[in-house]
Amino acid sequence: MEQPNTKHRSKLNALGSDKVQVAPLGYLPHLGSQKVAHVNIEAQGWSGTAVSLDLRLTVHDPSGAAGVNIDLVRMAAAALRAGRGGHLPEATSLLKSPPGTAV
């Protein structure tokens with residue numbers, strides 16, 4: 001099982017910013033394979049007027065990851081056909097914690 005601080009770091013790596021706050025709760029049995037994210041974006045509009053956007057995103061986790069996994073397999077197969085191996089820089093954007101990031 002992943003350590004909570006490792007999971008937190010991997011989520012921040014995926015977002016690419018330290019200005020983001022993430023509070024992973026872990027597995028909630030009543031949600032099953034669903035993941036729910038509550039997102040709050042705060043900004044300043046014209047003349048410093050406060051703007052706030054709140055949204056809720058619900059996804060089926062295995063389905064959401066399937067496309068990324070298929071893309072990674074395709075990249076790996078193309079690299080093998082080209083005689084390449086090891087870390088593929090073009091795959092970095094698809095990984096939560098690419099090689100070289102703190103996990």
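Basis for what follows: all heavy atoms, side chains included, without hydrogens, waters or symmetry-related copies. All of these numbers come straight from a predicted model, not from anything done at the bench.
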Q: Quick one: pull up OG1 in T92 and NE2 in H87 and give me the separation to the nearest 0.5 Å.
A: 3.5 Å
Exercise answer: donor-acceptor pairs, residues 65-76 side-chain atoms, under 3.5 Å, sequence neighbours excluded:
residue, atom, partner, partner atom, Å
N69, ND2, A65, O, 3.2

Q | salt bridge (charged side-chain N to carboxylate O under 4.0 Å, His left out) pairs, two or more places apart, involving residues 75-85 | A | R84-E90
Q. What's the spacing between K35 NZ and T58 OG1 if we round to 0.5 Å?
A. 12.5 Å
Q. Would R56 and V39 satisfy side-chain contact (heavy atoms from CB on, under 4.5 Å), going step by step from the backbone distance to the final call?
A. CA-CA 6 Å; R56 174 187 161 134; V39 180; over 6 Å; no
Q) Do V36 and L57 have side chains that get closer than 4.5 Å, going by heavy atoms? A) no
Q: With sequence neighbours left out, write down each residue that passes side-chain contact (heavy atoms from CB on, under 4.5 Å) with H30, or none if nothing qualifies.
A: L28
Q) If you look only at pairs with a residue in residues 41-53, which of them pass as a side chain to side chain donor-acceptor pair (under 3.5 Å), with sequence neighbours excluded? A) N40-S52
Q: List in chain and number order the residues that pass side-chain contact (heavy atoms from CB on, under 4.5 Å) with L80, two or more places apart in sequence or in another chain; answer none if no residue qualifies.
A: none
